[in-house]
Amino acid sequence: MDLQNYDISIISDPHVLSGDLISNSEEFIKEIKVERKLTVESEALFKEALAMVDKANSQFLFLPGDLVKEGEYKSHEFVRENLLAWKSKNEDREIFLIPGNHDLNNHRSYDFKDNRKAKNTNPKEFYDLYMFVYENKYVLEMYKDSTIFHNYLDRINKEYEREEKYSYYAHGYFSYIARIPSRRNDSTGLSLICVDTSIYSADTEQNHRDNRENVPGSIIIEQMKWIVDKIDEAKSRNDLIFVMAHHALMPNFRNQELVFSPFIIKEWRSKYECDDPRINGKTPIEVLADNGVKFVFTGHLHENGTAKYISEMGNVIYDIQTGSTVTYPLPIRHIKVINQVAEKNGYEVYIKTELIKEFTYMNLNGEYEIIKDAINYTIGKQLSLEDVVHNYIRIQANNPRYNHIDIQSEASRLLSNRLNMDIPEKGYVNDFIFPMIKDYFPLGNKRARVFVKKVNDEYQFLIRAAANNIYIKASNLEESINIILDQIEKKILIPYKIVQNMETIIHKAWSMPIDDDGHTFYDFVNYIYQYRPIGEDERPAYISKMIDNLNNPDYDIIDIVLDYASVEINQVFDSFTSSIKLEKDGSKEEFFDNLIQTEGWASKLTYKYLRHKVNNLRDLLDFFSKFLTGKKNIKGVDLAKRIVKLRAVRRAKENFSNQMFGQTSLRQFVIGLVNSMSDEMVEIYQNEELNELEKYFNYVVYDDTK
C-alpha cells in the first residue's frame, strides 16, 4: 500500500523557546546544564518537524500540547507563526491542538536575554493566538460553550471565591470536538475529541490557586459527561472516533504507574461514580473503550509508546503516545486512515513513526550549525546523571537568593506553601513545632522521661529523672534555635563549602561496588537515569543483580550506602557541628541560663556539668548521644540513619515519592523503571520499518477481561 500521502501527522511536545528570549548568558547556561531538552535547538527542530509533515503531504496536523518551554507568550507567537505558514501552503490543511502543562499560566516563564521574568500566556491569550484552530470549519463545539461547563463554572467560582479575572475558565476549558468528513462519503468521517487534561485553574490545581500550573493531568466527571455525549453524536454519524489529550489515559509501558504517574491522568485507575450508566463504575480509558473509541493520541512523557487496553466487556482501545521533538530520538508520527465503511463496515488505520535525521540551528554564538546525524547529536547532548548532579549542586550553591538567606523566613515560607497554612516566623516553636510533635511524647526509659506540657498557653519540654526536673520553654528553645540558624547562615551556607561537602559524600557513594566485576552504584543509577535503549540483547547482569537485591526486603540500600560513605559523612558532620558555638552575645553561660531551668539538686548538678562540658553543637550532641543512639559519642552516619528512619522523615519521603512518581516506594520506582526497558523499545525507535501497526501495537497490553 502506498503510504506516502498521509492524512494526519503528529508533532508532540516541541517545547519551543523563542530565540528572542535566549542569550549566551550565565543564567541561560545554568538552565541548559540541568535541562535534558534541546532548548537552543528547539525552534529549528520545530521547523524541521513541520518540513517533514509538509513532505509527507499530510492534510491535518495534531499537536497534543507543550508547545513552548514555559508558557512564554513570545514562544507561542513563534509557534503560531510557523503553524500558519505550514497551513497557508494548502487551503485544505487544518491544525488541531490542545495546551499542555507547560503552556498556560506558567510561573516559570523567563527572558534569558534581559534576565527577567517573561510574559506568560493566560487562557484568553492562548485562545486568541490559536483562534484559527478553535474557529476552523471542522470544529463543531467547544466544551466551554456547553451547558455542562457553564453549570460547573458557576459552581466552582462560588466554591473557590475566584477573582473576576479568572472566573471565565475552569478545568477542561480548551476541550472541543471536530469532525473531518470522508472524502468519499459525507455521511461518515472522523470525529476528533480534543480533551484538555492540563491543570491551570483553581478547581483542580493542587492548592486551589489560579494563575498557576501543575504537572499532572485530569479528566473530571463533568468533562467525561460532555465527552460521552459527543461520542454518541459521532457514533450516530458512523464516524471513526479519535481522542487527543496531553496526558496519557493509562500507562504506556509496564510499571509506568510506579514510575511516572504524573504523566498519566490522576484518575486513570479510579472508577467514576455517576448516575450516567455510560460512565458509572468505569475508569476513564474504560469509559472511552466501552463507548466505542478505538484510538487516543497523547504526549507529555517524551517517549514513543503504545498501550493496548481490553476492557472487562472486551472492548479494545489504543493509547498512542508520541515523543518530543526536543528529546531523543526526535520522533513525529504519520497516520493514514482509509474509509472501509461500505466494504467492511469499518476503517483501516496505519501509523508510522519518522525521526528527525538532520537539522540546522543557530548556536549561542550566533553561528549556524548543520547537524547531519541528529540522533547521535541528541545522545551526545543528553547529560549523564553525574553531569546533572554536579551542575545542579553548583548552580544551587551559587544561587544569589542564598547569598543572604534567612533560613527561618525561608523555612517558614516553604512550609506555608507546602502545608497550605501560615507558619509564623516568630512563635513557630510554640505554634507549629510543638503541636506537630506532642503526640510522640512521652519518650525515654525508667531512669529518665521526656514529656511535653502546656503551661499558660506555652508548650515546654519537661525532662524528669529521680524526682528532679529540667524545663525548656518553647520561647527559650526558639531563641536558641535562631542563634544556631544564624551561625549556619554565616558559617555553613558558603557556596564552596556546600559544593565541596556534597560532592565528597556523593562521589564516595557513587563509587560503592555492587558486584565483583567492578560495577559501581553509579553505573546502576546512571543506567536508570539515562533510560535510553542501547541495543543490548539482554539486561546487563549487574543491573539484574541489583534489581534482585532491591526486591529483597532485607536489603537496606540506604544503610548500605551510608555505611560505605561513613568516613566522609562523619568528617563533614564533625566539621559542621564543631563550628556552631552555643553562645548568646559571646557568653556560653547566658545561652544555657536562658535555655534551661532546673528543679531539684540533681538536675542542677547535671545542668552545671552540661554547661561546663558543652561548648558547641558537636559537644551537645555527644552529651545526649546515649539517649539518641545508644552510643557514647554520636557519629554523623549514626545520626543520618536515625533521621532517615524517623516516622516524620519516612512520611516526608513517601509524600515526595507519591507526588513525583505516583506511589510511596522509591524501591518500587527503581524496579518499575528498569523492568520497563526492553529490546522491543530499541527496535521500535531505531528501525522505522518495524513500527507499523501490528508490531507497534503489541508493545504493551492491558487486559481487564482476565
Look at the rings of Phe112 and Phe28 and say which category their plane angle falls in: under 30° parallel, 30 to 60° tilted, over 60° perpendicular. perpendicular
Is the CG atom of Asn365 crowded by more than 12 outside heavy atoms at less than 6.0 Å? yes
Of all the heavy-atom pairs spanning Leu364 and Ile32, show the shortest one and how long it is. CD1-CD1, 4.2 Å
Does a side-chain heavy-atom distance below 4.5 Å link Gln206 with Pro216? no
Angle class for the His519/Tyr542 ring planes (parallel below 30°, perpendicular above 60°, tilted otherwise)? parallel
Checking Glu583 against Lys588 for the salt bridge (Lys or Arg N to Asp or Glu O under 4.0 Å) test, could you report, in this order, the C-alpha distance in whole Å, the side-chain angles of both residues, the deciding distance, and whether it holds? CA-CA 4 Å; Glu583 297 178 353; Lys588 180 172 67 171; over 6 Å; no
Verify salt bridge (Lys or Arg N to Asp or Glu O under 4.0 Å) between Glu478 and Lys473, making sure each step is shown before the conclusion. CA-CA 9 Å; Glu478 180 169 320; Lys473 294 182 179 179; over 6 Å; no
Should Lys69 and Thr39 count as side-chain neighbours, where that means a heavy-atom distance under 4.5 Å? yes
Ring geometry between Tyr160 and His208 (parallel below 30°, tilted from 30 to 60°, perpendicular above 60°): parallel
Does a side-chain heavy-atom distance below 4.5 Å link Met512 with Thr520? no
Can you see whether Phe591 has Lys584 sitting over its ring - NZ or CZ less than 6.0 Å from the centre and within 45° of the normal? no
Checking Lys453 against Phe451: charged group under 6.0 Å from the ring centre and within 45 degrees of the axis? yes
Is the shortest side-chain heavy-atom distance between Ile481 and Val429 below 4.5 Å? yes
Over all atoms of both residues, closest heavy-atom pair of Asp111 and Leu21: CG-CD2, 3.6 Å
With Arg618 as reference, evaluate Val614, Asn615, Asn616, Leu620 under the side chain to side chain contact (heavy atoms under 4.5 Å, CB included) test and give the passing residue. Asn616
